[in-house]
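Take a look at the structure set out below.
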Number of protein chains: 2
Amino acid sequence: MTKRKIEIKRIENDEARQVCFSKRRVSVFKKASELYTLCGAEVAMLIKSPVGHVPSPRCSED
Amino acid sequence: MTKRKIEIKRIENDEARQVCFSKRRVSVFKKASELYTLCGAEVAMLIKSPVGHVPSPRCSED
DNA sequence: GATTCTATGTTTAGAAC
DNA sequence: AGTTCTAAACATAGAAT
């Protein structure tokens with residue numbers, strides 16, 4: 001544990017960015033869910049993965 | 001300050017529910033924004049207000 | 001590529017405006 | 001209907017798995 005605070009700008013390290021995405025995605029959906037449950041506010045959310053799409057093997061044969 | 005912890009279920013008190021919505025709505029958008037900035041994940045989000053729609057005065061004259 | 005741990009950073013309930 | 005304050009609750013970076 002060096003330091004934990006980060007500034008809000010693109011994380012350049014690929015691995016760190018992916019780990020951050022995994023963890024924060026869960027948290028954002030949880031917050032949205034809580035907003036709905038607590039306050040009755042309907043929420044719609046779409047999150048597009050930042051990683052490049054990896055086509056399934058089947059696709060590459062078409 | 002009596003206690004600050006609440007369980008995640010509908011807040012029945014109208015005023016408390018509205019205040020909670022005001023504060024948490026800002027936070028959820030902020031978290032979504034951070035996810036985009038930090039990780040490059042595109043996020044789309046719609047939040048429907050839990051309060052009844054109050055028509056503008058103009059509408060009531062139509 | 002998601003999850004756990006934990007010290008530290010961030011959010012938030014309740015009260016007041 | 002949104003904002004401010006602050007102690008307590010909660011999220012999370014970095015490292016490890």
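Per chain, numbering begins at 1; letters A, B, ... match sequence-line order. As the structure is a computational prediction, the values presented were derived from the model and not from experiment. Values below: all heavy atoms of this structure, side chains included; hydrogens, waters and symmetry mates excluded.
- Contact of A:R4 with C:dT6 (side chain to base): a donor-acceptor pair of N or O atoms is detected under 3.5 Å.
- Nucleic acid contact for B:R25: sugar-phosphate only, since backbone atoms but no base atoms lie under 4.0 Å from a heavy atom of the residue.
- Rounded to an integer number of Å, the gap from CZ of B:R24 to P of D:dT3 is 16 Å.
- Computed from coordinates, the A:F21 CZ to D:dA13 P distance equals 14 Å when rounded to whole Å.
- One finds a side-chain N or O of A:K30 lying less than 4.0 angstrom from the OP1 or OP2 phosphate oxygen of D:dA11.
- Heavy atoms from other residues, nucleotides or ligands lying under 6.0 Å from CZ of B:F29 number more than 12.
- Summarising the geometry, the separation between CD1 on A:I8 and P on D:dT12 is reported as 10 Å, rounded to the nearest angstrom.
- Looking at the side chain of B:S27, the nearest of the listed nucleotides D:dA13, C:dG1, C:dT12 is C:dT12.
- Side-chain proximity of B:C20 to C:dT11, C:dA13, C:dA2: nearest is C:dA13.
- Across the protein-nucleic acid pair, A:E15 atom CD and D:dG14 atom P stand 12 Å apart, rounded to whole Å.
- For B:E34, taking side-chain heavy atoms from C-beta onward, the closest of the listed nucleotides D:dT3, C:dT11, C:dT3 is C:dT11.
- Between the side chain of B:K23 and the base of C:dG14, a donor-acceptor pair under 3.5 Å is found.
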